[in-house]
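To start, the structure itself, in structure tokens.
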Amino acid sequence: LLDIVKKLLAGDKRALSRAISLVEDEDDSARDIVRELHPHTGQAHIIGVTGPPGVGKSTFVDALTAQYRKAGRTVGIVAVDPSSPFTGGALLGDRIRMQRHSLDHGVFVRSLATRGRVGGVSAATGAIARILDAAGKEIVIIETVGAGQSEVEIMKYAHSVVVVMAPGLGDDIQAIKAGILEIADLFVVNKADTEGAAKTARELEMALELRSPGGWRPKVLQTVARMDQGMAEVVTALAEHMAYLKSGQGWRERQVRSAEAELQEIVARRVMTEIFRGPHRTDSSSLIQMVADRLCDPYAAADRLLEIFFSTTKEKP
Ligand SMILES: Nc1nc2c(ncn2[C@@H]2O[C@H](COP(=O)(O)OP(=O)(O)OP(=O)(O)O)[C@@H](O)[C@H]2O)c(=O)[nH]1
Ligand SMILES: [Mg+2]
């Protein structure tokens with residue numbers, strides 16, 4: 001195991017791939033890997049890319065990667081494969097789109113399947129981003145579909161959040177206003193080669209007017225990711241955001257935020273496992289039946305389970 005860590009730190013691609021698999025599968029060795037790598041993290045600029053399905057996020061990530069590579073910077077990519085019905089084929093699509101970097105040793109791409117997972121995707125994504133960071137990738141990009149709460153959660157691990165939109169998404173802009181507006185550090189209207197891009201950009205600018213003044217003001221940029229257009233401006237805006245974070249408390253705040261998010265996930269997952277699958281399985285299943293049979297209300301059952309959990313954990317040395 002220490003061999004994997006040593007090789008990974010020396011830049012070995014196979015060791016990196018193996019370490020990610022172990023962490024993704026929540027293998028017992030994941031703890032040791034994370035422990036060994038943790039001191040080597042904290043260097044990368046972690047960029048979250050989110051937005052509605054089909055706006056061109058993967059194409060954008062690919063174009064952004066090309067831009068960073070031109071500047072000689074190394075890039076790690078985590079593409080979270082959504083299990084939503086309309087994007088079922090995304091994984092294969094992503095592979096094809098990322099193809100142009102497949103022979104480049106300065107780029108590492110990993111797709112993370114969400115299908116069939118019971119939570120924990122967010123923690124795994126954060127952990128994988130940090131493994132890429134430890135492996136020396138200067139830029140780490142996380143792509144997720146911005147459709148619900150879990151994507152917002154994943155964005156807790158990013159230093160800079162890019163929300164990608166496309167022209168003609170009318171209703172989606174409304175959704176963005178409601179949810180993702182607050183988490184965006186940069187807006188990109190992609191597919192600027194199609195009709196309505198300027199209008200979409202204007203609508204976003206107007207929505208931004210409603211944000212409370214002061215602090216970082218997100219830019220609204222237009223790109224044609226498919227033709228690598230507008231990407232230099234994106235790189236500049238991201239560098240500006242990074243400089244802004246580092247000039248004040250922002251950088252530190254985001255490190256604390258991601259540490260908090262990850263710690264909460266780990267603790268929650270562990271407590272859930274202990275109570276519902278581990279040593280307290282019998283207690284929990286009988287309480288579940290009691291709630292079902294209306295012999296006990298769910299709050300009382302939860303109180304009882306937590307009481308049992310805490311009294312037994314306290315007895316341990
Ligand atoms: N016209 C135009 N089409 C684009 C542009 N960028 C991407 N596309 C096309 O938009 C489609 C979707 O692109 P993706 O990169 O897969 O979009 P995505 O947001 O990653 O999609 P999901 O991951 O499935 O949500 C593809 O057919 C792309 O070729 C662009 O700048 N202009
Ligand atoms: Mg995609």
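Remember, it's 1-based here, ligands and their atoms both numbered in the order they're listed.
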| task | Would you check if there is a donor-acceptor pair between the side chains of Arg110 and Ser21 at a distance under 3.5 Å? | result | yes
| Of all N/O/S atoms in Glu143, which lies nearest to the Mg ion (ligand 2)? | OE2
| request: Can you sort out which atoms of ligand 1 are near Pro53, meaning under 4.0 Å from one of its heavy atoms? | output: 25 (O)
| task | Tell me whether Leu305 is reachable from Tyr299 by hopping between hydrophobic residues (I, L, V, M, F, W, Y) whose side-chain heavy atoms are closer than 4.5 Å. | result | no
| For atom NZ of Lys70, is the number of surrounding heavy atoms from other residues, nucleotides or ligands below 6.0 Å larger than 12? | no
| task | Could you tell me whether Ala192 and ligand 1 have an N or O pair separated by under 3.5 Å? | result | no
| field | Nearest option to atom 32 (N) of ligand 1, as decided by whichever heavy atom of Val189, Val164, Asp193 sits closest | value | Asp193
| said: Whether the Glu143 and Ser58 side chains hold a donor-acceptor pair (N or O, under 3.5 Å, no angle test) is what I'd like checked. | reply: yes
| Does atom CG of Asp28 have more than 12 heavy-atom neighbours, drawn from other residues, nucleotides or ligands, at distances under 6.0 Å? | no
| Can you say whether the rings of Tyr244 and Trp216 are parallel (under 30°), tilted (30 to 60°) or perpendicular (over 60°)? | tilted
| request: Report, in ascending order of atom number, the atoms of ligand 1 lying under 4.0 Å from any heavy atom of Val224. | output: 31 (O)
| task | Would you check if the Mg ion (ligand 2) lies under 2.8 Å from any N, O or S atom of Ser58? | result | yes
| remark: Here the atoms of ligand 1 under 4.0 Å from any heavy atom belonging to Glu143 are 20 (O), 23 (O)
| said: Quick check on contacts: which atoms of ligand 1 are under 4.0 angstrom from a heavy atom of Thr59? | reply: 6 (N), 7 (C), 13 (O), 14 (P), 15 (O), 28 (C)
| What atoms in ligand 1 come closer than 4.0 Å to a heavy atom of Ser58? | 15 (O), 18 (P), 20 (O)
| request: Could you tell me which atoms of ligand 1, counted from 1 in the order shown, lie closer than 4.0 angstrom to a heavy atom of Val55? | output: 19 (O)
| message | Only heavy atoms of Thr194, strictly under 4.0 Å: list the atoms of ligand 1 that pass. | response | 1 (N)
| said: Can you confirm, on distance only, whether ligand 1 has an N/O atom lying under 3.5 Å from any N/O atom belonging to Phe60? | reply: no
| Of all residues at least two apart in sequence or in a different chain, which pass the side chain to side chain donor-acceptor pair (under 3.5 Å) check with Asp185? | His241, Arg254
| request: Sort and list the pairs that fulfil ring-ring contact (aromatic ring centres under 6.0 Å, His included) and have at least one residue in residues 12-68, not counting sequence neighbours. | output: none
